[in-house]
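Take a look at the structure set out below.
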Amino acid sequence: MSICLLISKNGRHKPIHLPHLQTVVLGRSPETTIKDKKCSREQVELKADCNKGYISVKQLGFNPTSVDSEVVGKGNQVEMRSGQQLHMVNELYPYTVCFKEDPSNSQSSVSTKRPCGPASEEREFHREPPGHKVPRKTEDSTQCKHGGSTSTNTRPEPQTTEKTETLGYWSQGLKASMQDPKMQVYKDDRVVVIMDKYPKAHYHWLVLPWESIPSLKTLHRGHCDLLRHMNQVADRIVQQQCPDAGLLHFRQGYHAIPSMSHVHLHVISQDFDSPCLKNKKHWNSFTTDYFIESQEVIQMLEKDGKVTVKEGTNELLKLPLCCHVCGMALSTIPQLKEHLKSHPYGRL
DNA sequence: GTTCTAGAAC
DNA sequence: GTTCTAGAAC
């Protein structure tokens, strides 16, 4: 399959990879180098169809995005093909689209992928631009599946003995993402932090242990230290990567019944300003008791040696929409999103 | 987890 | 007619 590249015509930055059928939101951010306030941080939503050879361009921002001088219009969507020109906003910041053969399809490129994880005690931060709301997906989700034949690093490999944990199923996606250097924001000998692939707020990271822990049910008292460390790492990420950390409210916690396998701590800003937040389930999973505070999980482990999820927790996802800050009831997701603009920092 | 889409709600 | 949700499929 070919890959899709969005190329800045005036060479402002390197080409942006648009993964096949994956929504990518671009706008004013370090990634595009656009600082123009007329350009929203979420100006356009792009989705490439590498099979059909076009990208869908949806204007999210208020000011006009255009394709070949034709304004898309807020909320509208058009198709753009090779040879056409996208202007991010106000007929400025031109881009072209290019479909070309994926060089990573060759076997040699797979074997030269990053050997999994850092050496023991290694700690490093990768400062990714937070404005890029949908991090690019790995070109090869099977990378590191076998640890890399030449790897000499000492980090414990994920357990691959359980047949049910075969990579490739959608619910196993985190295992691939956490191994992908492009997704990693921080890693040390115990944990890795990645940006959520479909962030539900302006800032949304996942902290995952290298140790294979399928779910909250598998946690025991011996994991308390690890969970405390995950919390500390999360605190540091927020401080280091979020310039609004003083104003913007954050929460750290776990979904009671997560869809994705492998224990992951959500670190999420409470603005919930994201095009990826689309439905009631998304909303209630972060704003009801379906979201269990990290401290509460640690306390349960310390006290009971296990995490207990209350009966009926799944029903919380069906609750009526209700503002997490002021409690106001909203009848639809669009109305909720409009209301959330009155709480930009996620608190009163 | 997401995407797609039928049909409910407006 | 359009918007929005919710369930199936992946």
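Naming convention: chains lettered A, B, ... in sequence-line order (proteins, then strands); numbering from 1 in each chain.
- Nucleic acid contact class of A:Lys200 (heavy atoms, under 4.0 Å, all strands): sugar-phosphate only.
- A tilted orientation is assigned to the rings of A:His255 and A:His266, their planes being inclined by 30° to 60°.
- Taking the six-membered ring where the residue is Trp, the centroids of A:His324 and A:Phe291 are separated by 6.0 Å or more.
- Distance A:Lys281 NZ to B:dT3 P: 14 Å, rounded to the nearest Å.
- Atom CD of A:Glu338 is separated from atom P of C:dT3 by 15 Å (rounded to the nearest Å).
- Contact between the side-chain N/O atoms of A:His282 and the OP1/OP2 oxygens of B:dT2 is found at a separation under 4.0 Å.
- Rounded to whole Å, the distance from CG on A:Leu330 to P on B:dC10 is 15 Å.
- Atom OH in A:Tyr169 sits about 18 Å away from atom C1' in B:dT2, given to the nearest Å.
- Note: NZ (A:Lys175) to C1' (B:dG1) measures 13 Å, nearest angstrom.
- The interatomic distance linking A:Asn284 (CG) with C:dT5 (C1') rounds to 13 Å, in whole Å.
- Each of A:Thr32, A:Asn10, A:Asp36 was evaluated against A:Tyr93; a single residue qualifies, A:Asp36, per the side-chain hydrogen bond (donor to acceptor under 3.5 Å, both in side chains) test.
- B:dT2 atom P lies 13 Å from atom CG of A:Leu317, rounded to whole Å.
- Within 6.0 Å of atom CD in A:Glu70, 12 or fewer heavy atoms from other residues, nucleotides or ligands are found, so the atom counts as exposed in its surroundings.
- Between A:Lys47 and the phosphate of B:dC4, there is a side-chain N or O to OP1/OP2 separation shorter than 4.0 Å.
- For the residue pair A:His229/A:Asp188, the side-chain donor-acceptor check at 3.5 Å is satisfied.
- One finds a side-chain N or O of A:His266 lying less than 4.0 angstrom from the OP1 or OP2 phosphate oxygen of B:dG1.
- Nucleic acid contact class of A:Ile333 (heavy atoms, under 4.0 Å, all strands): sugar-phosphate only.
- Remark: ring of A:Trp170 overlaps the six-membered base ring of B:dG1 in a stacked fashion, centroids less than 5.5 Å apart, planes less than 30° apart.
- Distance, A:Lys278 NZ to C:dT5 C1': 14 Å, rounded to whole Å.
- A:Ser171 comes within 4.0 angstrom of no nucleic acid atom, judged by non-hydrogen atoms across all strands.
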